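Here is the structure we will look at, set down as structure tokens.
Here is how names work: the chains are called A, B, and so on, in the same order as the sequence lines, proteins then strands, and each is numbered from 1. What you see below is based on every heavy atom in this structure, not just the backbone, and it leaves out hydrogens, waters and symmetry mates. None of these values were measured; they are calculated from a predicted model.
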There are 2 protein chains.
Amino acid sequence: MKGDRTRQSIVERAVNLASTDGLEGLTIGRLADDLEMSKSGLFAHFGSKEELQLATIEEAKQRFIDEVFRPVLKVERGYPRLLALCRSWIDYLRRGVFPGGCFFAAASFEFDGRPGPVRDAIGRAMFEWIGALEKAIRMAKEAGHLDPRVDPAQIAFELNALFFGANFASQLWRDPRALDRAEKAVEARLESVRIKPSHTRSGARRKIA
Amino acid sequence: MKGDRTRQSIVERAVNLASTDGLEGLTIGRLADDLEMSKSGLFAHFGSKEELQLATIEEAKQRFIDEVFRPVLKVERGYPRLLALCRSWIDYLRRGVFPGGCFFAAASFEFDGRPGPVRDAIGRAMFEWIGALEKAIRMAKEAGHLDPRVDPAQIAFELNALFFGANFASQLWRDPRALDRAEKAVEARLESVRIKPSHTRSGARRKIA
DNA sequence: CCTACCGATCGGTAGG
DNA sequence: CCTACCGATCGGTAGG
């Protein structure tokens, strides 16, 4: 019980530290100092730095799901939910859910050159996220809200790229226009493949641009 | 003379190491081992790790200019050069100019949360790159090849985002489709704001999509 | 460009 | 959860 609460406070702090300094820059000594506990006391909860890193990724996933994904499930399926999901991502950066920007963007670029279980866990987490994005696109397509010729994997790739581009400019330059630019680009891209609901019974679906 | 050659071989190796392990993961000891020289002998060329990091960024800039930017200057100005610049970026990833993918994408995400001269240098380098991209867009617009309503900063933001998205998927997942997806997205985006040259004297310019 | 060294910090362990 | 410790490595220095 108490051990669980301690462990939880450790991984929460670890996620915040890792989002600014990286998962490798996260050190057991500094984390212990921050939490005013001994290194070995903290260490005992994980057994190795790698396990601490994996636990940190798991905690970041939970926070991401709670902050970005879950709120959107109440929006109606199809185009509205897809658009809401994209806006939710941008808003998650705007609200500063992680102090160093998107934890997963940072972790992806940090570990893409280092083989091992940590890289694999980040790869899986991003695969799940892109998969969720792709699913939202596919559902909108199947609901007749998107051009049937649309390739969900391609659109998911492009939307994710815009999110990373937003993270880049807003974090490295502290450029407040970055999030607006990303929002504009995302909305234009979705609009370009949208099929607007026809209000007349005989009205043919409008051609997409 | 000899000192210059040694220094050059150090920074070349440093760029490669940093592209996979990060600019902070780059350590003087490992770099010295790799080059089969003493730590202090290597260290004497720079005076501090920070100076080594700054020299490494400078070397990466040179390589980027030589590999991505310079080849494109021979292409005719306007739309052709803009398209060639984008393709050159994607081809630079494809050729594996840096072993760990794009040095600047990695460095941007690594240092965007750590204040200091290294972050500032990366910020400036990226500012110059986005500026060059923006200039290519502006030139195409002024040549009448792009919709006059186009905002060069917006398009530059989007193109750079697609490049980073390509780096992400090709590095973290080793997904060979990533570069093709980026190429497709870039070409579609440019096409969407393109004004095709009219071949008839009386022909009005076609509306963009 | 080298050997020889410094204090600090790293991940991790012993033993309680 | 702690104190006390380990060898290895970190960035950096002295002196040549």
Side-chain angles (χ1 to χ4, degrees), chain A residues 1-18 20-59 107 110-111 113-119 121-122, chain B residues 1-18 20-59 107 110-111 113-119 121-122:
Chain A
M1 284 284 95
K2 170 126 185 290
D4 283 2
R5 263 184 287 126
T6 304
R7 193 193 143 101
Q8 184 59 25
S9 71
I10 294 169
V11 290
E12 279 174 16
R13 190 86 194 82
V15 162
N16 290 341
L17 257 172
T20 56
D21 295 343
L23 268 168
E24 203 59 45
L26 178 70
T27 72
I28 295 162
R30 284 179 53 212
L31 191 52
D33 273 5
D34 265 34
L35 293 159
E36 288 177 303
M37 63 188 291
S38 69
K39 251 176 63 175
S40 64
L42 188 153
F43 190 83
H45 284 276
F46 305 96
S48 72
K49 179 170 184 182
E50 193 172 280
E51 285 300 327
L52 168 63
Q53 290 172 320
L54 294 172
T56 303
I57 292 167
E58 212 45 55
E59 173 65 17
E110 183 181 7
F111 272 86
R114 314 182 186 199
V118 176
R119 178 228 178 97
I122 296 160
Chain B
M1 284 287 93
K2 174 128 180 287
D4 284 2
R5 261 185 287 126
T6 304
R7 192 193 144 101
Q8 183 60 23
S9 72
I10 294 169
V11 290
E12 278 173 17
R13 191 85 194 81
V15 162
N16 290 341
L17 257 173
T20 57
D21 295 343
L23 268 168
E24 203 60 44
L26 176 73
T27 71
I28 295 163
R30 286 179 52 213
L31 191 53
D33 273 5
D34 266 34
L35 293 159
E36 290 177 300
M37 63 188 291
S38 69
K39 252 177 63 176
S40 64
L42 188 154
F43 190 83
H45 284 277
F46 304 97
S48 73
K49 181 173 182 181
E50 192 170 281
E51 286 299 327
L52 167 64
Q53 290 172 319
L54 294 172
T56 303
I57 293 168
E58 210 47 51
E59 175 66 18
E110 183 181 7
F111 272 87
R114 317 182 186 198
V118 176
R119 177 229 178 97
I122 296 159

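When rounded to the nearest whole Å, the span between CD1 of B/I28 and P of D/dT13 equals 10 Å. The interatomic distance linking A/L26 (CG) with C/dC10 (C1') rounds to 13 Å, in whole Å. When rounded to the nearest whole Å, the span between CG of A/D33 and P of D/dC2 equals 12 Å. The CG atom of B/D21 sits 15 Å away from the P atom of D/dT9 (whole-angstrom rounding). Distance CD (B/E50) to P (D/dC10): 18 Å, rounded to an integer number of Å. Between the CZ atom of B/R30 and the P atom of C/dC10 there is a distance of 18 Å, rounded to whole Å. If you take NZ of B/K49 and P of C/dT9, they are 15 Å apart, rounded to a whole angstrom. D/dG11 atom C1' lies 11 Å from atom CD of B/Q53, rounded to whole Å.
Of the residues in residues 37-46 of chain B, those placing a heavy atom less than 4.0 Å from an atom of DNA chain D are B/K39, B/S40, B/F43, in numerical order.
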Given Watson-Crick and G-U pairs under 3.5 Å, DNA chain C in dot-bracket ([ ] crossing, | other strand) is ||||||||||||||||
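Using a 4.5 Å heavy-atom cutoff, the side chains of A/H45 and A/E51 are not in contact. The shortest side-chain heavy-atom distance between B/L26 and B/L52 falls under the 4.5 Å cut-off. In this structure, B/D4 and B/R7 have side chains that are not in contact, with every pair of non-hydrogen atoms separated by 4.5 Å or more. Using a 4.5 Å heavy-atom cutoff, the side chains of B/R30 and B/D21 are in contact. Using a 4.5 Å heavy-atom cutoff, the side chains of A/F46 and A/I10 are in contact.
B/K39 pairs in a side-chain contact (heavy atoms from CB on, under 4.5 Å) with only one of the listed residues (B/D33, B/L31, B/I28), which is B/I28. Between A/V15 and the options A/T56, A/L23, A/I57, a side-chain contact (heavy atoms from CB on, under 4.5 Å) holds for only A/T56.
Remark: side-chain polar atoms of A/E110 are paired, donor with acceptor, to backbone N or O of A/E24 under 3.5 angstrom.
For the residue pair B/R119 and B/R114, the shortest heavy atom distance occurs at CB-O, 3.2 Å.
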